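Have a look at the structure below before the remarks.
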Number of protein chains: 2
Amino acid sequence: MQAHNPFPIKNINTHLTEIKDYFKIAVSVDCVIFGFDGNVLKVLLIKSDLAQYKNKWSLLGDIVRPDEELDAAAYRVLRERTGLENVYMEQVHTFGALNRHPAGRVITVAYYSLVNIHHVQLKVSDFGLHWHAVKDLKQMAFDHKLILDTCVKRLQDRIIEHPVGFNLLPKKFSLRELQNLYEAILGVKFDRRNFRKKFLSLGLIEDLNEVENDVKHRPAKLYRFNEKALLKNTRFVHVNGNG
Amino acid sequence: MQAHNPFPIKNINTHLTEIKDYFKIAVSVDCVIFGFDGNVLKVLLIKSDLAQYKNKWSLLGDIVRPDEELDAAAYRVLRERTGLENVYMEQVHTFGALNRHPAGRVITVAYYSLVNIHHVQLKVSDFGLHWHAVKDLKQMAFDHKLILDTCVKRLQDRIIEHPVGFNLLPKKFSLRELQNLYEAILGVKFDRRNFRKKFLSLGLIEDLNEVENDVKHRPAKLYRFNEKALLKNTRFVHVNGNG
DNA sequence: ACAAAAGTGTTAGATTTACACCCATGA
DNA sequence: TCATGGGTGTAAATCTAACACTTTTGT
């Protein structure tokens, strides 16, 4: 799945000193790559090898090339790190604090993307690359905690109004998995009956007439996302206060 | 209100040739400055004097200086053009298409801001500066129509969930003005009784026990925004389809 | 008295919320 | 037969949507 790439993979956040003298302002992209393991929301991070941020975790990012579109740069980072293409991605915010990068003025455009965590094969050479539970992350390199928090907030806003969560799930999933996903992202608990009723009534999911295998209890029915579903102008779920 | 500014006011979009040789990628900000005249949503634009965009209208923007925060650059543009400070402003999206600027690679961070249109005193030297009805704009210079459309969409999303519209109104306003504002931004009509009931029940506005002057009909009561109102997790208005 | 816009209440329908028991499977 | 999680329905409360007449002011 890894496309051939004539440029060596460098992380803007670990190999940046060379740009200092060439650009007054450098532009980078940083990708918040979300995955879901069935229970908690995870994010793909790399260990910073900048001395200053020794042992801190960093988002995946890179300099935007002068002849490269912004979105293309973000997709390139994603492809180089995960081998994935055609995944859901959204630009979120641009961070440009003067002191955000020790190597000089770097303005970074932050994206988040939603991938199926099981489709990502981490390569041996990427031994610094790991999935982290979002809610366990306290500190990160650079301003990456701020970027992550901003992207989590955006994902929360988005998933309440728009059915993007399916990108984090396997093609076939149970209602329990779907509910776990919403609860993990939004940090709330839903009533099981109401949650199911809501999704089924929206016509967003389609019963596959299949059931789970290899579970030690009554197997759940499997569904898939119905791409043809018309989006009514309604919220998917309602979140009340106790987030 | 105009702060002293040691730099001459230049519009990134009209005086950019000098940067071409210095930066591989230049970063700019563009401001979508919204105002409301009581009936329609307006945006403050300047006439492009770039030959290529002769007679096209352009957003207000400028290069971000190497030692300047992004938000500071946007506030600077706003201050230089309107004399206003401390206005509502939100970063929306960053546009970086390769060919978006004829002078070279310029990535621009778009902001929108909400100002009281009557507080903006256009200076004589700004004869190219005008308020335009948003819905009448068909073409603009550069990719500015795309940027405007993106900011309008963001404003629509925001005003449905968050009481930002007050920034476009005078301190004292009638419920009719408030409703006109929502209708102008969202492009829908609301039932007057339901709209009033909704806002009054939210506790967002405070009755001033004053009425309009100089109207040739029954004067409306005046209200002000209640800053202390607790935001319930509810939509302010509901928009159904016919937008 | 007329014109123009302000102000006001009720009801039906839809949506949300709260809540508890039986079912299917593997061990 | 037990443990585990899957699957289901109903009723109360809240919210939304539809709808028309009276009041106040200036002319």
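Any value given below was found using the heavy atoms of this structure, including those in side chains, with hydrogens, waters and symmetry copies removed. In what follows, chains carry the letters A, B, and so on, assigned in the order in which the sequence lines appear, proteins first and then strands, with residues in each chain numbered from 1. The structure displayed is predicted, hence computed values, not measured ones.
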- Message: Looking at every non-hydrogen atom in both residues, tell me the closest pair between C31(B) and A74(B) and how far apart they are.
- Response: SG-O, 3.6 Å

- Message: Are W57(A) and H132(A), when compared by the centres of their aromatic rings, separated by less than 6.0 Å?
- Response: yes

Using a cut-off of under 3.5 Å, enumerate the N/O to N/O pairs linking the protein to nucleotides 8-10 of chain C.
from: dT10(C); atom 1: O4; to: K197(B); atom 2: NZ; distance (Å): 2.8

Show every donor-acceptor pair shorter than 3.5 Å between a side-chain atom in residues 218-226 of chain B and any protein atom, with sequence neighbours excluded, or say none if there are none.
from: K221(B); atom 1: NZ; to: D207(B); atom 2: OD2; distance (Å): 3.0
from: R224(B); atom 1: NH2; to: E206(B); atom 2: OE2; distance (Å): 3.2
from: N226(B); atom 1: OD1; to: K228(B); atom 2: N; distance (Å): 3.0
from: N226(B); atom 1: ND2; to: G203(B); atom 2: O; distance (Å): 3.2

- Which atoms form the tightest heavy-atom contact between F36(A) and E177(A), and what is the distance? CE2-O, 4.0 Å

- Query: Between R176(A) and dG6(D), does any side-chain N or O lie under 4.0 Å from OP1 or OP2?
  - Reply: yes

- Item | Member of F199(B), F190(B), F236(B) meeting the ring pair (Phe, Tyr, Trp, His ring centres under 6.0 Å) criterion with Y182(B) | F199(B)

- Take the protein atom CG of L178(A) and the nucleotide atom P of dG5(D), then report the distance between them rounded to whole Å. 19 Å

Report, one pair per line, the protein and nucleotides 23-27 of chain C atoms (nitrogen or oxygen only) whose separation is under 3.5 Å.
from: dC23(C); atom 1: O2; to: R218(A); atom 2: NH1; distance (Å): 3.1
from: dA24(C); atom 1: O4'; to: R218(A); atom 2: NE; distance (Å): 3.3

- Separation of dA6(C) C1' from N180(B) CG (nearest whole Å): 13 Å

- Under the side chain to side chain donor-acceptor pair (under 3.5 Å) rule, what pairs show up with a residue in residues 148-158 of chain A, not counting sequence neighbours? E90(A)-R154(A), E90(A)-R158(A), K145(A)-D149(A), K153(A)-D157(A)

- Task: Answer yes or no: is there a side-chain heavy-atom contact under 4.5 Å between F95(B) and L70(A)?
- Result: no

- Min side-chain heavy-atom separation Y88(B)-V115(B) under 4.5 Å: no

- Message: In whole Å, I'd like the distance from the CZ atom of F173(A) to the P atom of dG6(D).
- Response: 15 Å

- Item | Separation of dT15(C) P from R235(B) CZ (nearest whole Å) | 13 Å

- Message: So, using ring-ring contact (aromatic ring centres under 6.0 Å, His included) as the criterion, who are the partners of W131(B) when residues are at least two apart?
- Response: none

- Can Y75(A) and N86(A) be counted as having a side-chain donor-acceptor contact under 3.5 angstrom? no

- Message: In whole Å, I'd like the distance from the CZ atom of F190(A) to the P atom of dT16(C).
- Response: 12 Å

- Query: Angle, rounded to 10°, between the helical axes spanning five pairs at each terminus of the helix from dA1(C)-dT27(D) to dA27(C)-dT1(D)?
  - Reply: 0°

- To the nearest angstrom, the NZ-P distance between K189(B) and dC19(D) comes to 17 Å

- Note on the structure: On a heavy-atom basis, the closest approach of S113(A) and L78(A) is OG-CD1, 3.4 Å

- Query: Separation of F195(A) atom CZ from dT15(C) atom P, in whole Å?
  - Reply: 18 Å

- Round to the nearest Å and state the distance from L175(A) atom CG to dT8(D) atom P. 9 Å

